[in-house]
Protein chains: 2
Amino acid sequence: MIESKRASILQAALELFSRFGLHGTSLDQVATQADVSKTNLLYYFGNKEELYTNVLRQLLEVWLQPLQAFSVEQDPVEAIRDYLRVKLELSRDHPAESRLFCMEIMQGAPLLLGELQQPLHDLVENKVAVIQAWIDAGKLAPIAPHHLIFSLWATTQHYADFRVQVEAVAGKTLDDPAFFEETLKSLQSLILDGVRPR
Amino acid sequence: MIESKRASILQAALELFSRFGLHGTSLDQVATQADVSKTNLLYYFGNKEELYTNVLRQLLEVWLQPLQAFSVEQDPVEAIRDYLRVKLELSRDHPAESRLFCMEIMQGAPLLLGELQQPLHDLVENKVAVIQAWIDAGKLAPIAPHHLIFSLWATTQHYADFRVQVEAVAGKTLDDPAFFEETLKSLQSLILDGVRPR
DNA sequence: TCTGATTCAGACCAAATGGTCCACATCGCA
DNA sequence: TGCGATGTGGACCATTTGGTCTGAATCAGA
């Protein structure tokens, strides 16, 4: 019961923060959406910033998970294919997380940078090494590993963060199963083979 | 004189809005940064929202320009190469615009969608046709044009919007000329030829 | 120089909002 | 049953902040 209350507050906060930002969301709104009183909210989370950082921390767990999967033993083509699918599923199923993460990073990650920088750097360095090993083994075209990772992130998260633009332009969102598959195939084909005709 | 004052207010507003969002920025801050009094600011822009929309409108002009360049007569490989360079230069030279645009879209573009939707849709449809013509002519691998456009946007803007993450991971930003060139080459190679070895 | 419009600043106001206080309920347990 | 710890909410407070009001400087033209 108490855990579900904390959880519902966090969920409400995630939704609202990701849409209107930290300063664009009032505790009253969060409390209302979570169906608790503001006082009660402040009982669980001492102040607004604490609520916000809790939302962020919970988000991070989900967020950096998929990249862990990369390992040298895998076939890189398969690994990239899978990674794109998983990230695109995240964009479809957890758009609020994606938006809030984007917002936080864009604002300089004032509350996140401290605890994000080191583990993120380490994780990425690790995966950069994996990608480099694939390249050295001739299993992947020579490309700067960092930029491949950035491109994987950017292209998939775009469909969550720029959802309204995607919808305005393409008329569809990832919630449409056909559009999801079309998007996935397109990204896989683009990242793996590019657009230059062979 | 008066125009320069308006301009300096808009510039200050752009910087602050893009970092802290609409609600995270006070008129006092904008006035201070622009070196005018708050009253004076409100003399030029009737209220906060009007200031914000003016910033957005000014931004849009810069933002959708590059895509105009695409035309059937061009060689697609060159067109894509050039487009990536221009967009990456925008990310380097106008990161505030990039961030604010991103923020506005993420929040559902409440103030922009109305006047953005139609022209954006038309522009993109136009360019989708160009890309499709390239494909039909065998000058480009078959790919869903929308997704190519999204990928071009996403990958280049990533370096502006996720600048602190890029810096945390790669240790450099686009301001470093060598890193800029490395990034550009990587994106060009990725989009054009993919990562699967030939 | 006079005059009216434009440009600017300081004081002020009202609403929103983060956060506190206190009083009351509820529940596990001696 | 009694009692402290855990929850819960209504009233309230202090600060921030968007915006107004009043009045003064400045400037252009007669």
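Here the structure is a predicted model, which is why all the values come from computation and not from measurement. Letters A, B, ... are given to chains in the order of the sequence lines, protein chains preceding strands, and every chain is numbered from 1.
Spacing between atom CG of A:Asn40 and atom C1' of C:dA23 amounts to 15 Å, rounded to whole angstrom units. The distance from atom CZ of A:Phe45 to atom C1' of C:dG18 is 16 Å, rounded to the nearest whole Å. What separates CD1 of B:Ile9 from C1' of C:dC8 is a distance of 11 Å, to the nearest Å. Nucleotide C:dC22 holds its P atom 17 Å from the CG atom of A:Leu42, rounded to whole Å. Atom CG in B:Asn47 sits roughly 17 Å away from atom P in D:dT17 (whole-Å rounding). Nucleotide C:dT17 holds its C1' atom 16 Å from the CZ atom of A:Phe20, rounded to whole Å. As a whole-Å value, the separation of B:Leu41 CG from C:dG10 P is 15 Å.
Applying the salt bridge (charged side-chain N to carboxylate O under 4.0 Å, His left out) rule to pairs touching residues 55-76 of chain B yields B:Arg57-B:Glu115, sequence neighbours excluded. Applying the salt bridge (charged side-chain N to carboxylate O under 4.0 Å, His left out) definition to pairs two or more places apart or across chains, those involving residues 140-165 of chain B are B:Arg163-B:Asp175.
When the side-chain hydrogen bond (donor to acceptor under 3.5 Å, both in side chains) test is applied to B:His158, no partner is found at least two apart in sequence or on another chain. With sequence neighbours left out, the side chain to side chain contact (heavy atoms under 4.5 Å, CB included) criterion links A:Gln118 to A:Asp122. Looking at residues two or more places apart in sequence or on another chain, you find a side-chain hydrogen bond (donor to acceptor under 3.5 Å, both in side chains) between B:Ser18 and B:Arg99. Among residues two or more places apart in sequence or in another chain, the side-chain hydrogen bond (donor to acceptor under 3.5 Å, both in side chains) test is passed with B:Gln107 by none. Among residues two or more places apart in sequence or in another chain, the side-chain hydrogen bond (donor to acceptor under 3.5 Å, both in side chains) test is passed with A:Asn54 by none. Judged as a side chain to side chain contact (heavy atoms under 4.5 Å, CB included), and not counting sequence neighbours, the contacts of B:Ser37 are B:Thr39, B:Asn40.
Using cut-offs of 30° and 60° for the angle between ring planes, the B:Tyr83 and B:Phe70 rings count as perpendicular.
When the nucleotides D:dG18, C:dG19, C:dT7 are ranked by their closest atom to the side chain of B:Tyr43, C:dT7 comes out on top. Closest approach to the B:Lys48 side chain among C:dT6, D:dG19, D:dT8 is made by D:dG19 (side chain taken as heavy atoms from C-beta onward).
The number of heavy atoms from other shown groups lying within 6.0 Å of CG (A:Asp35) does not exceed 12.
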Nucleic acid footprint by protein, nucleotides 22-27 of chain D - heavy-atom cut-off 4.0 Å, B for base, S for sugar-phosphate alone: ------

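For A:Lys5 against D:dG7, a side-chain-to-base donor-acceptor contact under 3.5 Å is absent. For a distance-only test at 3.5 Å, the side chain of A:Lys38 fails to qualify as a donor-acceptor partner of the base of D:dG9.
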Atom pairs and distances, donor-acceptor, side-chain atoms in residues 134-143 of chain B, under 3.5 Å, two or more places apart:
residue: B:Trp134; atom: NE1; partner: B:Val72; partner atom: O; Å: 3.2
residue: B:Trp134; atom: NE1; partner: B:Gln74; partner atom: O; Å: 3.3
residue: B:Asp136; atom: OD1; partner: B:Gln132; partner atom: NE2; Å: 3.1

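OP1 or OP2 of C:dC8 lies within a sub-4.0 Å distance of a side-chain N or O belonging to B:Tyr44.
For the helix from C:dT1-D:dA30 to C:dA30-D:dT1, the end axes, each set by the C1' atoms of five terminal pairs, are bent relative to each other by 0° (nearest 10°).
Looking at residues 21-28 of chain B, you'll see B:Thr25, B:Ser26, B:Leu27 sit with a heavy atom under 4.0 Å from some atom of DNA chain D.
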